[in-house]
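Residue numbers start from 1 in every chain, and the chains themselves are labelled A, B, ... in the order their sequence lines are given, proteins ahead of strands. Computed from a predicted structure; not experimentally measured. Side-chain atoms are counted along with the backbone in the values below, which use heavy atoms only and exclude waters and symmetry mates.
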Amino acid sequence: MYRTHHCNQLRKSDAGETATLVGWVNTKRDQGGVIFIDIRDREGVTQCVFRSEESAEAADLSQKLRGEDVVQITGKVEIRPELDGESTFNDAIETGEIEIVATELKILNKSEVLPFQLDKELSNEDLRMKHRYLDLRRPRMAKNLRTRHEITKAIRDTLDDQGFLEIETPVLSKSTPEGARDFLVPSRLSPGKFYALPQAPQQYKQLLMVAGVERYFQIARCFRDEDLRADRQPEFTQVDIEASFVTEEDIYATIESMLASVFEKARGVKVPTPFPRITHQEAMDKYGSDKPERRIGCEIVDVSEHFKDSGFGVFKRAIEGGGVVRAINAKGFAGVSTGQIKRLEEIAKEAGAGGLAYIQVRGAAHDTWRSPIVKFFSEAELAAIEKDLNIEEGDLILFGCDKWATVCDVLGRLRLECAEMNNWLEGKEDELDFHWVIDFPLLDYDEEEGKWNAVHHPFTRPHADDVALLDDESKWGEIRGAAYDVVLNGNELGGGSLRIHEGDLQAKMFSVLGISEEEQAENFGHILGAFQYGAPPHAGIALGLDRLVMLACKEDSIREVIAFPKNNKGVDLMSSSPAEVDFKQLRELYVKSTVQEKKD
RNA sequence: GGAGCGGUAGCUCAGUUGGUUAGAGCGCCGGCCUGUCACGCCGGAGGUCGCGGGUUCAAGUCCCGUCCGCUCCGCCA
């Protein structure tokens, strides 16, 4: 037996007992005659006292201890003494009222000096990743791992309670031409052929519905070979859910109860349900995003009607060309600096705007409004926007004029940047704005490729009222999908849809997406076939677990909640993967690299 | 593929107009200390200023190139 208690267990009521603890040397405070060692395990910290009067041998040995040595300490639990009327209790730790008066010390393993200090944040990400096993000893990281466990457990418990079965689907599966780049795995037994790692278990879970499982879930590892970000890793985890004979309402209720349980367990907060719902149209109109951050206000306002006959040609022409003029009022941001305006203009241009029109509202009178464009506005136009945008002294007005979609995107990004520049979220960090975004468009025309793409994915069911529009290509852009996203504070937690369960409708959908009958047979033959044998109506959703845990832990990168993440080039700096392999290994797989050796 | 920021001691960072021997805090090593808990005090070690080239009497500092990291855009059905 290594231990009798863990390091966050002993309390005043244990005084007098003999206890043995194991753990790491957290800190050592050598006072000369008395030495304090804080011993740490995953549960917490306990102070141990070494005095030569108690055990000369243990006291001697304790002098040799260094940080992160692994030790086993035995001694009597005592209430910390009062000295000269002063308490020696330590309020900072939960075991702060007691200490172990050590009589035995065993060094189980010595430690080298760590490459970084565990009690200080470090900014050097390479170093953290290279020694990730040490980085994970830091309390914040240890807590994140534990919270992740609590969250997955809450998810499993909720879904189990509601009759969902956890079923594993293959990791070695088939490449699909649609969507993200696949990771490929060469097959030794089928020379020249490749498996693909799944981007999502989408087709398998629908086939499980055909199989009669009725309620499925999986904490599924998914793979996408795309460029990385703070919230994107090449392998990531989805909470994947599918159910038969259900409506959207059933899915909403399941997810709401699940997320409420997750935040109850992870943060101890009560999340009100049901979540509010807004349509995709409304989200774009007001917030310029399909995952709106609604805590910052600053909604987009359409002012097109005031500028139809404007003296300002840019606005007038935009409207004549079928576009819109819209604006946001960045409250209290009239003091925007030249540099900030430049940055805002860059963002607007990145999103497709020609430039950025703005007004700095220095005073109540219109002649105090500073702006490169305001001289072109009539008094009536100024009065109209003053009313519509609720303009007051100290405000900054930002305009967008172009096609509706472009303007939404531009102003959507600008309002987020203004929030960032002005810390509008200060004091709102704990607010949780869960909501559903519903009625997504089904299809989206890609000008570059000259074809229609699925906004969600090709298995999404068209809205019941819009199915007929599939027969009229001119109406494809108006078809709504029976799809829904769940959003938290401007982050997409997950999305799903009612699925197509009829073979002929699914084939029609593939055709709309420009997938030929041959390609359908080759890539989707199994699912089209399965739909011929009594596929039940079904629906589902998938949530990004890493992102969910990140938000619950108040982290701003998913790397902080993944035990062994990769850097933004997809490299694991600890194990140095990916790595080159022997020619012999490649030969067995009938694979040959075409990479050119770099010349020095 | 593109843009921005960064790389100086083990870690976090400072380093002025190009000018003496490149600094601080923490950590580390040694010594002292019988009630500390961010212990304290004394002493010490520790640097290819990412790498390569250039300008200059002189480069951490200026110029060019390159590598690495982070963030964002593109991309992510």
Among B:C39, B:A77, B:C72, the nucleotide that comes nearest once only the side chain of A:R29 is considered
B:C39
Give the rounded distance in Å between these two atoms: CG of A:L127 and P of B:C13.
12 Å
Pick base, sugar-phosphate or nothing for A:T176, based on heavy-atom distances below 4.0 Å to the nucleic acid.
nothing
Of all the nucleotides listed (B:C72, B:A77, B:U34), which has the minimum atom distance to the side chain of A:Q202?
B:A77
Let's test your reading of the model: under 3.5 Å, does the base of B:C11 pair with the side chain of A:R128 as donor and acceptor?
no
Does A:Q47 form a side-chain contact (heavy atoms from CB on, under 4.5 Å) with A:R80? I'd like the steps, not just the answer.
CA-CA 10 Å; A:Q47 172 169 285; A:R80 294 195 188 188; 3.3 Å; yes
Checking N1-N3 plus N6-O4 or O6-N4 for Watson-Crick, or N1-O2 and O6-N3 for wobble, each under 3.5 Å, the partner of B:C75 is none
Minimum-distance nucleotide (side-chain atoms of A:R224 versus B:C76, B:C70, B:C11)
B:C76
Taking any heavy-atom pair under 4.0 Å as a contact, classify A:D227: base, sugar-phosphate, or nothing.
base
Pick from A:T46, A:T27, A:N26: which one makes a side chain to side chain donor-acceptor pair (under 3.5 Å) with A:D38?
A:T27
Quick one: A:D485 CG to B:A77 P, roughly how many Å, whole number?
12 Å
Measure from the ring centre of A:F116 to the centre of the six-membered ring in the base of B:C11, then say whether that distance is under 5.5 Å and the planes meet at under 30°.
no
Rounded to the nearest Å, what distance is computed from the NE2 atom of residue A:H131 to the P atom of nucleotide B:G27?
20 Å
Pairing partner of B:G43 (Watson-Crick or G-U wobble, both distances under 3.5 Å):
B:C29
Would you mind reading off the distance between A:K349 atom NZ and B:A3 atom C1', rounded to a whole angstrom?
14 Å
Sugar-phosphate only, base, or nothing, as touched by A:E99 at under 4.0 Å among non-hydrogen atoms:
base
Give the rounded distance in Å between these two atoms: CD of A:E121 and C1' of B:U12.
11 Å
Could you tell me how far B:C41 sits from B:G23 if I compare only their C1' atoms? Round to whole Å.
23 Å
Considering just the side-chain nitrogens and oxygens of A:S123, establish if one lies under 4.0 Å of OP1 or OP2 belonging to B:G6.
no
Whole Å only: how far is the CD atom of A:Q63 from the C1' atom of B:G31?
12 Å
What interatomic distance, in whole Å, is found between C1' of B:G2 and the corresponding atom of B:G10?
36 Å
Which nucleotide in the list B:C68, B:U12, B:G74 gets nearest to the side chain of A:R413?
B:G74
How far, in whole Å, is B:U16 from B:C72 if one measures between their C1' atoms?
33 Å
Using the C1' atom as the point on both nucleotides, what is the distance between B:G43 and B:G53, in whole Å?
43 Å
Establish, with yes or no, whether the OP1 or OP2 oxygen of B:C70 is under 4.0 angstrom from a side-chain nitrogen or oxygen of A:R229.
no
Which is true for A:I35 with a 4.0 Å heavy-atom rule: it touches a base, it touches only sugar-phosphate, or it touches nothing?
nothing
For the pair made of CE in A:M509 and C1' in B:A77, what is the distance, rounded to whole Å?
10 Å
Check the pair A:V71 / A:W24 against side-chain contact (heavy atoms from CB on, under 4.5 Å), numbers first and verdict last.
CA-CA 6 Å; A:V71 293; A:W24 289 264; over 6 Å; no
Less than 3.5 Å apart, any donor N or O on the side chain of A:Q199 or A:D182 sitting next to an acceptor on the other?
yes
Under 3.5 Å, is there a donor on one side chain and an acceptor on the other for A:Y484 and A:D439?
no
Figure out the NZ/P separation between A:K569 and B:C75, and round it to whole Å.
20 Å
Would you indicate what A:N124 reaches in the nucleic acid, counting non-hydrogen atoms under 4.0 angstrom: base, sugar-phosphate, or nothing?
sugar-phosphate
Using a cut-off of strictly less than 4.0 Å, decide whether A:T27 has a side-chain nitrogen or oxygen near OP1 or OP2 of B:C37.
no
Mind checking if A:E346 touches a base, just sugar-phosphate, or nothing, with heavy atoms under 4.0 Å?
nothing
Nearest-Å distance once atom C1' is located in both B:C5 and B:C57:
35 Å
Would you indicate which nucleotide in B:C39, B:C76, B:U71 comes nearest to any side-chain atom of A:R559?
B:U71
Is there a side-chain contact between A:R547 and A:M550 (heavy atoms, below 4.5 Å)?
yes
Nearest to the A:N453 side chain among B:C37, B:A77, B:C75, which nucleotide is it?
B:A77
Taking a pair as Watson-Crick or G-U wobble with both distances under 3.5 Å, which nucleotide is matched to B:C13?
B:G23
Which nucleotide in B:U71, B:U34, B:C28 has an atom nearest any side-chain atom of A:N568
B:U71
P gap between B:G31 and B:U71, integer Å:
44 Å
On a whole-Å scale, what distance lies between the P atoms belonging to B:C62 and B:A14?
15 Å
In whole angstrom, give me the gap between the C1' atoms of B:C39 and B:A22.
32 Å
Do the non-hydrogen side-chain atoms of A:E94 and A:D91 ever get within less than 4.5 Å of each other?
no
Checking base pairs now: Watson-Crick or wobble, both atom distances under 3.5 Å. What partners B:A38?
none
Would you classify A:D30 as touching base, sugar-phosphate or nothing, given that sugar-phosphate means primed atoms plus P, OP1 and OP2, and contacts are heavy atoms under 4.0 Å?
base
Report the residue (A:T88 or A:R232) whose heavy-atom-nearest nucleotide on RNA chain B is the more 5′ of the two.
A:T88
Return all side-chain donor-acceptor pairs below 3.5 angstrom for residues 497-508 of chain A, not counting sequence neighbours, or 'none' if the list is empty.
from, atom 1, to, atom 2, distance (Å)
A:S497, OG, A:T460, OG1, 3.4
A:S497, OG, A:R499, NH1, 2.7
A:R499, NE, A:E242, OE1, 3.3
A:R499, NE, A:E242, OE2, 2.8
A:R499, NH1, A:H457, NE2, 3.3
A:R499, NH2, A:E242, OE1, 2.9
A:E502, OE1, A:R461, NH1, 3.1
A:E502, OE2, A:R461, NH2, 2.8
A:Q506, NE2, A:P458, O, 2.9
A:K508, NZ, A:D471, OD1, 2.8

For a quick check of understanding: with a heavy-atom distance under 4.0 Å over all strands, which category does A:R66 fall into, base, sugar-phosphate or nothing?
sugar-phosphate
Scanning all shown strands, the Watson-Crick or wobble mate of B:G69 with both distances under 3.5 Å is B:C5
Can you identify which nucleotide, out of B:U71, B:A77, B:C76, has its nearest atom closest to the A:A230 side chain?
B:U71
Less than 3.5 Å between a donor and an acceptor, one on the side chain of A:R343 and one on the base of B:G4, is that the case here?
no
From the list A:K28, A:K110, A:R40, salt bridge (Lys or Arg N to Asp or Glu O under 4.0 Å) with A:E68 holds only for A:R40
Nearest to side-chain heavy atoms of A:Q117, which nucleotide of B:U36, B:C37, B:G10:
B:G10
With no angle test and no hydrogens, is the base of B:C33 tied to the side chain of A:Q31 by a donor-acceptor pair under 3.5 Å?
no
Kindly point out which of B:A77, B:U71, B:C13 is positioned nearest to the side chain of A:P458?
B:A77
